[in-house]
Amino acid sequence: VCPRIDWEGAFSAERLAAYASLVDQEKMDELLSLGRDLRGVKVQQINSARSGGGVAEMLRSLVPFERALGLDVTWDVIRAEPSFFIYTKTVHNFLQGRPNVPDLAGTKVYWDTNRQNYAAVREDADIIVVHDPQPAGLIKFAPEHVRRRQKWIWRCHIHLSREHQFVLDFIRSLTEEYDLVVFSAAKFLPRWKVTSAVILPYIDPLSDKNRDLPPEQVREICSRYGVVDMEAKPLIVLVSRFDPFKGHRYALEAFRLVRQETRCQLLMVGGTASDDPENEAIFAELKGEVEGLPDVHLLNLPVDSHIEVNAFQRAARIILQPSIKEGFGLTVSEGMWKEKPVIGGDVGGIPSQITDGYNGFLVPPGKKGVEEMADRVNYLLKNPGFAREMGKRGKEAVKERFLLTRGVLDELKLIRGLLE
Ligand code: UDP
């Protein structure tokens, strides 16, 4: 069902050297030494989409990095029918606190799909890393003799709502057989007995999404999409999948308030992840809402539009991420890395990135944060010097804590711990 794709090789020595010049050499040496300890260790990463969304974004860089360090890493994506993804998106929404309970029929599709996809699990691997709930059930199909030889890690990148005990029971039943469960923030750690850890996510400073772009390329890409006149009308950007938790509606409401005082334009850019069936409907709904509104751009781009997203983030004066639930929110670090003041919802993984008032602003999630968000935007637009300083501090924070090198180091340390 799921052919193994050697979709990309390892990072070159030159690329590793480029990371070393960004972080300090000591950190790089630690990574190289861990790589030597783990040389030849077989790792299989499994998730549910090759591109679109934060997990794919992280794996796209983590896998070639770990290979370059000497590990035998492969990355596989489960194959499934649309009915599976409709079910798993309900599960995702449910875990993030929505009331709709996933239906029982979907449970059958879930287990059938995981059973079929087990055929692609590498029984020769030492470590299997499974991301998010979609492929979490694979472990149930590992024969006892294989299971005994392997260590399985489950990485949860979503915002686990603590509101309902049955949400936690659901996760518990899915994950109790794992050797290690890893979350994207300490506040999501489970209270039951399971070996758990936290890895804060990270961005790749050298990827197409984040590398430097010449200003003329940024301008050219913006004008290709009709985003012009940014001196007179500073650009405010929101990059996110069209998903109910990302807060597009609140960004739009805040923008309407700002426009009463200050000239500016809003760009909301999103794309379709193959494991997210809600995109089209939410996009269509938003499209209806922005119809006829001046200075609002709404773009639904292909998932591999990394350079375009990079250019929009660089063109922005301010970046918004007003999520109401957020496992981490890579888009926040992406914006901060580009020296932009980011205004984010005070939920999930966002406050681990933004120190309110220092390197960005946090606002209450949802409707109650709209006015504050508008105030912050107005303030930043009227005080460009302050905005620039805030942006610089944002980049420093990302350099310290949210780069790929740290993410790889964290994962490899956990792997070494499991193999000892
Ligand atoms: N992204 C993108 N194009 C889009 C929407 C999102 O490339 O149209 C990228 C975004 O730049 C980021 C990732 O997808 O790298 C989203 O990760 P995040 O953690 O913010 O949210 P998730 O989608 O995983 O909930």
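The chain is numbered in sequence order, starting from 1.
- Under a cut-off of 6.0 angstrom, the local environment of NZ in Lys108 is sparse, with at most 12 non-hydrogen atoms contributed by other residues, nucleotides or ligands.
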_Assess the residue pair Arg122 and Val43 against the criterion (side-chain contact (heavy atoms from CB on, under 4.5 Å)); give the C-alpha distance rounded to whole Å, side-chain angles, the decisive distance to 0.1 Å, and a yes or no._
CA-CA 9 Å; Arg122 281 177 70 182; Val43 181; over 6 Å; no
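- A salt bridge is absent between Arg50 and Asp275: the closest approach of a Lys/Arg side-chain nitrogen to an acidic carboxylate oxygen does not fall below 4.0 angstrom.
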_Is there a salt bridge (charged side-chain N to carboxylate O under 4.0 Å, His left out) between Asp112 and Arg115? Walk through the geometry before answering._
CA-CA 5 Å; Asp112 286 351; Arg115 182 181 300 108; 3.1 Å; yes
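- The 12-atom threshold is not exceeded at CD of Glu371, counting heavy atoms of other residues, nucleotides or ligands nearer than 6.0 Å.
- Between the NE2 atom in His92 and the OG atom in Ser48 there is a gap of 10.0 Å [rounded to 0.5 Å].
- In this structure, the separation between CG on Asn114 and OH on Tyr118 is 12.0 Å, given to the nearest 0.5 Å.
- No side-chain donor from either of Thr74 and Gln44 sits under 3.5 Å from a side-chain acceptor of the other.
- For the pair Leu267 and Leu299, the minimum side-chain heavy-atom distance is below 4.5 Å.
- Ring-plane geometry between Tyr379 and Phe386 is classed as perpendicular, the angle between the planes exceeding 60 degrees on a 0 to 90 degree scale with a lower cut at 30.
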*Step by step, would you call Arg249 with Glu253 a salt bridge (charged side-chain N to carboxylate O under 4.0 Å, His left out)?*
CA-CA 6 Å; Arg249 172 154 301 116; Glu253 280 183 35; 5.5 Å; no
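- The closest side-chain donor-acceptor pair between Gln265 and Lys233, if any, does not fall under 3.5 angstrom.
- Note: Phe11 and Phe65 have perpendicular aromatic rings, judged against thresholds of 30 and 60 degrees for the angle between ring planes.
- Side-chain contact annotation: Gln134 with Asn47, donor-acceptor N/O pair under 3.5 Å absent.
- In this structure, Gly52 and Val303 approach most closely via the heavy-atom pair CA-CG1, 3.7 Å.
- By the 4.5 Å heavy-atom criterion applied to side chains, Cys222 and Val228 are not counted as neighbours.
- Heavy atoms of other residues, nucleotides or ligands lying less than 6.0 angstrom from CZ of Arg211 number more than 12.
- Side-chain contact annotation: Glu411 with Gln45, donor-acceptor N/O pair under 3.5 Å present.
- Here CG of Asn117 is found 8.5 Å from CD1 of Ile46. Values are rounded to the nearest 0.5 Å.
- Heavy atoms only, all atoms of each residue included: Arg147 and Glu177 are closest at NH2-O, 2.7 Å.
- Nearest heavy atom pair, residue Ile354 against residue Gly360, reads CG2-C, 3.5 Å.
- Minimum heavy-atom separation, Leu213 to Ile307: CD1-O, 3.9 Å.
- Counted by atom type alone, Lys395 and Asn359 present zero donor-acceptor pairs between their side chains at under 3.5 Å.
- Using modelled atom types and a 3.5 Å distance limit, the side chains of Ser83 and Glu81 yield no donor-acceptor pair.
- Residues His159 and Phe188 bring their aromatic ring centres within 6.0 Å.
- Relative ring orientation between Phe312 and Tyr225 is described as perpendicular, the plane-to-plane angle rising above 60° on a 0-90° scale split at 30° and 60°.
- Salt bridge absent: Asp346 and Lys368 never bring a charged side-chain N and a carboxylate O closer than 4.0 Å.
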*So Arg317 and Val237, side-chain contact (heavy atoms from CB on, under 4.5 Å) or not? Walk me through it.*
CA-CA 8 Å; Arg317 188 77 69 83; Val237 168; over 6 Å; no
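- Taking 4.0 Å as the cut-off between side-chain N and carboxylate O, Glu278 and Arg241 do not count as a salt-bridged pair.
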*asked:* The test is side-chain contact (heavy atoms from CB on, under 4.5 Å); show your working for Leu252 and Leu266 and say whether it passes.
replied: CA-CA 8 Å; Leu252 190 58; Leu266 174 69; 4.0 Å; yes
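- For the residue pair Asn378/Thr262, the side-chain donor-acceptor check at 3.5 Å is satisfied.
- By the 4.5 Å heavy-atom criterion applied to side chains, Phe85 and Asp276 are not counted as neighbours.
- Side-chain contact between Leu238 and Pro322 is present, with at least one heavy-atom pair separated by less than 4.5 Å.
- Taken to the nearest 0.5 Å, the CH2 atom of Trp337 stands 8.5 Å off from the CG atom of Asn210.
- Across all their heavy atoms, Val198 and Val182 have their closest contact at C-CG1, 4.1 Å.
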*I would like to know whether Asp212 and Arg314 meet salt bridge (charged side-chain N to carboxylate O under 4.0 Å, His left out); could you show each step before the answer?*
CA-CA 9 Å; Asp212 283 344; Arg314 284 181 189 280; 3.7 Å; yes
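- At a threshold of 4.5 Å between non-hydrogen side-chain atoms, the residues Val130 and Arg155 do not count as touching.
- Proximity of Leu200 to Arg401: side-chain heavy atoms (C-beta onward) are separated by under 4.5 Å at one or more points.
- A cation-pi arrangement, defined by a distance under 6.0 Å to the six-membered ring centre and an angle within 45 degrees of its axis, is absent between Arg406 and Tyr202.
- Taking 4.5 Å as the limit, some side-chain heavy atom of Met268 sits within range of a side-chain heavy atom of Val290.
- Sparse packing is recorded around NZ of Lys287, with 12 or fewer heavy atoms of other residues, nucleotides or ligands lying under 6.0 Å away.
- Using a cut-off of 4.0 Å between Lys/Arg side-chain N and Asp/Glu carboxylate O, Glu339 and Arg388 are scored as not salt-bridged.
- Heavy-atom contacts from other residues, nucleotides or ligands closer than 6.0 Å to CD of Glu400 number 12 or fewer.
- Side-chain contact, Ser207 with Arg60: no donor N or O sits under 3.5 Å from an acceptor N or O.
- Between the OG atom of Ser51 and the CD atom of Glu57 there is a distance of 9.5 Å, given to the nearest 0.5 Å.
- Here the shortest heavy-atom pairing between Val239 and Gln321 reads O-OE1, 3.2 Å.
- Looking at residues two or more places apart in sequence or on another chain, you find a salt bridge (Lys or Arg N to Asp or Glu O under 4.0 Å) between Arg15 and Asp204.
- For the atom pair Leu38 CG and Leu71 CG, the distance stands at 5.0 Å (nearest 0.5 Å).
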*asked:* What verdict does the side-chain contact (heavy atoms from CB on, under 4.5 Å) test give for Leu34 and Leu69, after you've listed the backbone C-alpha separation in whole Å, the side-chain angles of each residue and the deciding distance to 0.1 Å?
replied: CA-CA 8 Å; Leu34 253 178; Leu69 292 176; over 6 Å; no
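- Annotation: side chain of Leu180 is in contact with side chain of Leu414 (closest heavy-atom distance under 4.5 Å).
- By the 4.0 Å N-to-carboxylate-O rule, Asp243 lies too far from Lys246 to be salt-bridged with it.
- Taking the six-membered ring for Trp and thresholds of 30 and 60 degrees, Phe183 and Trp154 have ring planes more than 60 degrees apart, a perpendicular arrangement.
- Ion pair Lys392/Glu396 not flagged as a salt bridge, since none of the NZ, NE, NH1 or NH2 atoms sits closer than 4.0 Å to an Asp/Glu carboxylate oxygen.
- Remark: Arg98 qualifies as a cation-pi partner of Phe245 under the 6.0 Å distance and 45° angle criteria applied to the six-membered ring.
- Between Ser333 and Gln353, the side chains place a donor N or O and an acceptor N or O closer than 3.5 Å (distance only, hydrogens not considered).
- Here Phe242 and Phe283 bring their ring centres to under 6.0 angstrom of each other.
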